Amino acid sequence: GGREPEPRRAAVNGFGFGGTNSHVVIDAFLEPYHRTLSPRGRRRSDPMSCVARARARQGDTPLPWPTGARPLLPDVLDTMDGSQRLCVSLAAACLDALGERWRDHRQRIGVLVAMPGKTETILRANDRIYRDRLLRTLTRGAGSDEAAAIARALQDFGEGRAPANPYTLTGGMPNLAAGRVCQVFDLAGPNLVLDAEEESLAHAKAYARDLVGDGACDFVLVIGVNRV
(Lines give C-alpha, C1' and ligand atoms only; values in the text may rest on other atoms or scores of the structure.)
Protein backbone atom coordinates (compact mmCIF):
# COMPACT_ATOMS: atom_id res chain seq x y z
CA GLY A 1 0.00 0.00 0.00
CA GLY A 2 1.01 3.56 0.64
CA ARG A 3 3.00 2.92 3.82
CA GLU A 4 6.49 4.35 3.97
CA PRO A 5 9.20 1.71 4.39
CA GLU A 6 10.41 1.31 7.96
CA PRO A 7 13.96 0.44 8.99
CA ARG A 8 15.09 -2.87 10.40
CA ARG A 9 14.68 -2.62 14.16
CA ALA A 10 15.91 -4.48 17.23
CA ALA A 11 15.06 -4.06 20.92
CA VAL A 12 17.40 -4.76 23.81
CA ASN A 13 16.24 -5.09 27.41
CA GLY A 14 18.66 -4.69 30.30
CA PHE A 15 18.04 -5.42 33.95
CA GLY A 16 20.27 -4.48 36.84
CA PHE A 17 20.09 -4.33 40.62
CA GLY A 18 18.94 -1.09 42.18
CA GLY A 19 16.54 -0.09 39.43
CA THR A 20 19.11 0.35 36.66
CA ASN A 21 16.79 -1.08 34.04
CA SER A 22 16.72 -0.02 30.41
CA HIS A 23 14.99 -0.70 27.14
CA VAL A 24 16.84 0.37 24.00
CA VAL A 25 15.43 0.33 20.48
CA ILE A 26 18.03 0.34 17.69
CA ASP A 27 17.22 1.13 14.06
CA ALA A 28 19.23 0.57 10.92
CA PHE A 29 19.54 4.10 9.54
CA LEU A 30 17.02 4.85 6.79
CA GLU A 31 17.36 8.47 5.69
CA PRO A 32 13.77 9.28 4.55
CA TYR A 33 12.29 7.74 7.70
CA HIS A 34 14.72 9.16 10.24
CA ARG A 35 14.84 12.63 8.71
CA THR A 36 11.23 13.15 9.79
CA LEU A 37 12.16 12.17 13.37
CA SER A 38 15.24 14.34 13.74
CA PRO A 39 14.98 17.07 16.42
CA ARG A 40 14.42 20.60 15.28
CA GLY A 41 15.82 22.33 18.33
CA ARG A 42 19.21 23.87 18.82
CA ARG A 43 21.83 22.85 16.28
CA ARG A 44 24.82 20.85 17.52
CA SER A 45 27.15 23.37 15.96
CA ASP A 46 25.90 26.14 18.26
CA PRO A 47 28.35 27.01 21.06
CA MET A 48 27.71 25.49 24.48
CA SER A 49 28.51 27.24 27.75
CA CYS A 50 29.96 25.95 31.01
CA VAL A 51 27.85 27.81 33.58
CA ALA A 52 29.25 26.25 36.77
CA ARG A 53 32.11 24.04 37.91
CA ALA A 54 33.36 22.58 41.17
CA ARG A 55 36.07 20.38 42.65
CA ALA A 56 36.05 18.05 45.65
CA ARG A 57 38.37 15.52 47.22
CA GLN A 58 37.50 12.47 49.30
CA GLY A 59 39.87 11.97 52.24
CA ASP A 60 39.96 9.34 54.95
CA THR A 61 36.65 10.55 56.37
CA PRO A 62 33.41 10.72 54.35
CA LEU A 63 32.46 14.07 52.83
CA PRO A 64 29.67 15.88 54.71
CA TRP A 65 26.24 15.44 53.19
CA PRO A 66 25.27 18.64 51.29
CA THR A 67 22.53 20.66 52.95
CA GLY A 68 20.70 21.07 49.63
CA ALA A 69 20.48 17.33 48.98
CA ARG A 70 17.54 15.20 50.07
CA PRO A 71 18.26 13.72 53.52
CA LEU A 72 18.86 9.98 53.54
CA LEU A 73 18.62 7.43 56.34
CA PRO A 74 21.82 6.90 58.37
CA ASP A 75 21.94 3.27 57.22
CA VAL A 76 21.98 4.48 53.60
CA LEU A 77 24.81 6.94 54.22
CA ASP A 78 26.85 4.46 56.23
CA THR A 79 26.91 1.93 53.39
CA MET A 80 27.45 4.45 50.57
CA ASP A 81 30.72 4.29 48.67
CA GLY A 82 32.78 7.45 48.47
CA SER A 83 32.33 7.75 44.70
CA GLN A 84 28.60 8.38 45.18
CA ARG A 85 29.28 10.98 47.89
CA LEU A 86 31.75 12.72 45.59
CA CYS A 87 29.15 12.90 42.82
CA VAL A 88 26.49 14.31 45.15
CA SER A 89 28.90 16.91 46.59
CA LEU A 90 30.04 18.07 43.15
CA ALA A 91 26.48 18.24 41.85
CA ALA A 92 25.41 20.25 44.90
CA ALA A 93 28.20 22.77 44.36
CA CYS A 94 27.31 23.25 40.70
CA LEU A 95 23.59 23.57 41.36
CA ASP A 96 24.26 26.08 44.14
CA ALA A 97 26.29 28.14 41.65
CA LEU A 98 23.23 28.31 39.38
CA GLY A 99 21.11 29.80 42.14
CA GLU A 100 17.44 28.96 42.34
CA ARG A 101 16.87 28.86 38.59
CA TRP A 102 17.94 25.22 38.28
CA ARG A 103 14.81 24.15 40.18
CA ASP A 104 12.66 25.24 37.23
CA HIS A 105 14.60 22.83 34.98
CA ARG A 106 14.54 19.68 37.15
CA GLN A 107 12.79 17.65 34.46
CA ARG A 108 15.43 18.52 31.87
CA ILE A 109 18.72 18.29 33.78
CA GLY A 110 20.85 15.32 32.82
CA VAL A 111 23.63 13.72 34.85
CA LEU A 112 26.68 12.06 33.26
CA VAL A 113 29.37 10.52 35.46
CA ALA A 114 32.73 9.69 33.92
CA MET A 115 34.19 6.91 36.07
CA PRO A 116 37.08 4.89 34.61
CA GLY A 117 37.35 1.30 35.80
CA LYS A 118 33.94 1.13 37.46
CA THR A 119 33.90 -2.65 37.10
CA GLU A 120 37.09 -2.94 39.12
CA THR A 121 35.89 -0.23 41.48
CA ILE A 122 32.88 -2.20 42.59
CA LEU A 123 35.13 -5.08 43.66
CA ARG A 124 36.97 -2.76 46.04
CA ALA A 125 33.97 -0.75 47.23
CA ASN A 126 33.18 -2.86 50.29
CA ASP A 127 36.82 -2.74 51.39
CA ARG A 128 36.73 1.05 51.34
CA ILE A 129 33.40 1.22 53.15
CA TYR A 130 34.55 -1.06 55.96
CA ARG A 131 38.00 0.54 56.09
CA ASP A 132 36.36 3.85 57.04
CA ARG A 133 34.37 2.07 59.73
CA LEU A 134 37.54 0.33 60.96
CA LEU A 135 39.47 3.60 61.20
CA ARG A 136 36.69 5.17 63.24
CA THR A 137 36.64 2.18 65.56
CA LEU A 138 40.43 2.06 66.04
CA THR A 139 40.63 5.72 67.03
CA ARG A 140 37.98 5.41 69.72
CA GLY A 141 38.87 4.71 73.36
CA ALA A 142 42.55 3.76 73.05
CA GLY A 143 44.09 3.04 76.47
CA SER A 144 47.65 2.95 77.80
CA ASP A 145 48.21 -0.58 76.58
CA GLU A 146 48.10 0.01 72.84
CA ALA A 147 48.09 -3.65 71.85
CA ALA A 148 45.16 -4.43 74.14
CA ALA A 149 43.27 -1.37 72.94
CA ILE A 150 43.71 -2.39 69.30
CA ALA A 151 42.64 -5.94 70.10
CA ARG A 152 39.49 -4.68 71.82
CA ALA A 153 38.78 -2.31 68.92
CA LEU A 154 39.16 -5.10 66.39
CA GLN A 155 36.87 -7.30 68.44
CA ASP A 156 34.30 -4.52 68.64
CA PHE A 157 34.59 -4.02 64.91
CA GLY A 158 33.98 -7.68 64.19
CA GLU A 159 31.01 -7.89 66.54
CA GLY A 160 29.53 -4.55 65.62
CA ARG A 161 29.73 -4.78 61.84
CA ALA A 162 26.36 -3.99 60.40
CA PRO A 163 24.76 -6.89 58.55
CA ALA A 164 23.78 -6.55 54.92
CA ASN A 165 20.69 -4.42 54.54
CA PRO A 166 18.52 -3.19 51.64
CA TYR A 167 21.00 -0.36 51.00
CA THR A 168 24.27 -2.33 51.01
CA LEU A 169 24.28 -3.26 47.33
CA THR A 170 23.08 0.07 45.96
CA GLY A 171 25.55 1.93 48.17
CA GLY A 172 28.51 0.09 46.72
CA MET A 173 27.59 0.00 43.02
CA PRO A 174 29.44 2.70 41.05
CA ASN A 175 27.01 2.44 38.13
CA LEU A 176 24.33 3.97 40.40
CA ALA A 177 26.32 7.17 41.05
CA ALA A 178 24.46 9.22 38.42
CA GLY A 179 21.11 7.89 39.59
CA ARG A 180 21.99 8.82 43.18
CA VAL A 181 22.46 12.45 42.14
CA CYS A 182 19.08 12.43 40.41
CA GLN A 183 17.49 10.85 43.47
CA VAL A 184 18.67 13.38 46.04
CA PHE A 185 18.07 16.45 43.85
CA ASP A 186 14.86 15.20 42.18
CA LEU A 187 16.25 15.47 38.64
CA ALA A 188 14.43 13.70 35.81
CA GLY A 189 16.79 14.03 32.85
CA PRO A 190 18.93 11.22 31.37
CA ASN A 191 21.50 9.80 33.77
CA LEU A 192 24.26 7.29 33.20
CA VAL A 193 27.83 6.38 34.11
CA LEU A 194 30.38 6.21 31.29
CA ASP A 195 33.47 4.01 31.48
CA ALA A 196 35.90 4.51 28.60
CA GLU A 197 39.08 4.30 30.68
CA GLU A 198 41.21 7.45 30.29
CA GLU A 199 38.76 8.88 27.72
CA SER A 200 35.74 8.66 30.03
CA LEU A 201 35.52 12.39 30.72
CA ALA A 202 35.98 13.31 27.05
CA HIS A 203 33.14 10.96 26.08
CA ALA A 204 30.93 12.38 28.83
CA LYS A 205 31.50 15.94 27.63
CA ALA A 206 30.76 14.95 24.02
CA TYR A 207 27.55 13.21 25.03
CA ALA A 208 26.52 16.19 27.16
CA ARG A 209 26.92 18.41 24.11
CA ASP A 210 24.68 16.07 22.12
CA LEU A 211 22.00 16.07 24.83
CA VAL A 212 21.89 19.86 24.95
CA GLY A 213 22.35 20.30 21.20
CA ASP A 214 19.54 17.86 20.37
CA GLY A 215 17.20 19.62 22.79
CA ALA A 216 16.93 16.68 25.21
CA CYS A 217 18.32 18.67 28.16
CA ASP A 218 18.58 22.27 29.29
CA PHE A 219 21.55 21.56 31.55
CA VAL A 220 23.82 18.55 31.94
CA LEU A 221 25.92 17.88 35.03
CA VAL A 222 29.16 16.25 33.86
CA ILE A 223 31.01 14.69 36.80
CA GLY A 224 34.45 13.11 36.61
CA VAL A 225 35.37 10.69 39.41
CA ASN A 226 38.84 9.29 39.97
CA ARG A 227 38.84 7.38 43.24
CA VAL A 228 42.11 5.70 44.15
Side-chain angles (χ1 to χ4, degrees), residues 14-22 50-115 118 121-122 125-126 128-133 136 162-195 200-201 204 207-208 211-212 216-227:
F15 172 79
F17 293 105
T20 55
N21 309 321
S22 64
C50 175
V51 295
R53 61 181 178 177
R55 299 174 64 184
R57 183 178 183 274
Q58 173 77 56
D60 289 334
T61 57
L63 291 169
W65 194 247
T67 55
R70 176 178 296 164
L72 299 179
L73 294 172
D75 284 349
V76 178
L77 295 176
D78 203 31
T79 56
M80 185 182 297
D81 183 55
S83 60
Q84 293 189 19
R85 282 182 175 265
L86 275 171
C87 291
V88 171
S89 296
L90 290 167
C94 287
L95 293 175
D96 285 345
L98 293 175
E100 291 297 312
R101 59 177 174 156
W102 70 267
R103 301 182 186 278
D104 297 330
H105 298 266
R106 288 182 191 269
Q107 300 296 313
R108 293 175 52 80
I109 296 180
V111 180
L112 303 179
V113 176
M115 190 183 303
K118 64 183 176 67
T121 299
I122 194 172
N126 281 340
R128 290 202 298 268
I129 291 170
Y130 289 123
R131 182 196 63 188
D132 294 340
R133 190 193 298 267
R136 293 197 302 268
N165 60 48
Y167 317 110
T168 303
L169 188 61
T170 56
M173 296 179 70
N175 57 309
L176 294 184
R180 181 72 75 183
V181 173
C182 290
Q183 176 198 15
V184 299
F185 294 107
D186 196 22
L187 308 179
N191 70 89
L192 66 153
V193 176
L194 296 93
D195 182 2
S200 297
L201 187 57
Y207 189 41
L211 289 174
V212 175
C217 293
D218 295 334
F219 297 96
V220 178
L221 295 172
V222 179
I223 302 172
V225 176
N226 181 19
R227 185 101 197 276

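Quick caveat, the model's predicted, so the values are computed rather than measured.
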Tell me which donor-acceptor pairs under 3.5 Å the side chains of residues 181-192 have, and how far apart each pair is, sequence neighbours excluded?
{"residue": "Gln183", "atom": "OE1", "partner": "Arg180", "partner atom": "NH1", "Å": "3.0"}
{"residue": "Asn191", "atom": "OD1", "partner": "Gly179", "partner atom": "N", "Å": "3.4"}

* Considering all heavy atoms, the nearest Ala52-Ala97 contact -> CB-CB, 3.7 Å
* To do: Could you pull out the closest heavy-atom pair between Ser83 and Met115, with the gap in Å?
  => CB-CE, 4.0 Å
* Can you list the residues that meet the side-chain hydrogen bond (donor to acceptor under 3.5 Å, both in side chains) rule with Arg108, with sequence neighbours excluded? -> Asp218
* Return the minimal non-hydrogen interatomic distance between Val225 and Cys87, and the atom names on each side. => CG2-SG, 3.5 Å
* **Euclidean distance, Leu221 CG relative to Leu90 CG, rounded to 0.5 Å** => 9.5 Å
* To do: Could you grab the distance from atom CD of Gln84 to atom CG of Leu77, nearest 0.5 Å is fine?
  => 10.5 Å
* To do: For residues Gly224 and Leu201, report the shortest heavy-atom separation together with the two atoms involved.
  => CA-CD1, 4.2 Å
* Asked: Under the salt bridge (charged side-chain N to carboxylate O under 4.0 Å, His left out) rule, what pairs show up with a residue in residues 86-102, not counting sequence neighbours?
  -> Glu100-Arg103
* Residue pairs involving residues 74-109 (criterion ring-ring contact (aromatic ring centres under 6.0 Å, His included); sequence neighbours excluded) -> His105-Phe219
* Asked: Minimum heavy-atom separation for Pro66 to Ala92, with atom names?
  -> CB-CB, 3.6 Å
* For residues 61-82, which residue pairs qualify under ring-ring contact (aromatic ring centres under 6.0 Å, His included), counting only residues two or more places apart or in two chains? -> none
* Structure fact -> Rounded to the nearest 0.5 Å, the CG atom of Asp81 sits from the CG atom of Leu86 at a distance of 9.0 Å
* To do: Go through the structure and list residues passing salt bridge (charged side-chain N to carboxylate O under 4.0 Å, His left out) with Arg106, not counting sequence neighbours.
  => none
* Structure fact -> Here the pair of heavy atoms bringing Ala93 nearest to Ala54 is CB-CB, 3.4 Å
* Asked: Going through the checks in order, is the side-chain contact (heavy atoms from CB on, under 4.5 Å) test met by Arg85 and Val88?
  -> CA-CA 5 Å; Arg85 282 182 175 265; Val88 171; 5.8 Å; no
* Asked: Looking at CG of Leu211 and CD1 of Ile109, how far apart are the two atoms once the value is rounded to the nearest 0.5 Å?
  -> 13.0 Å
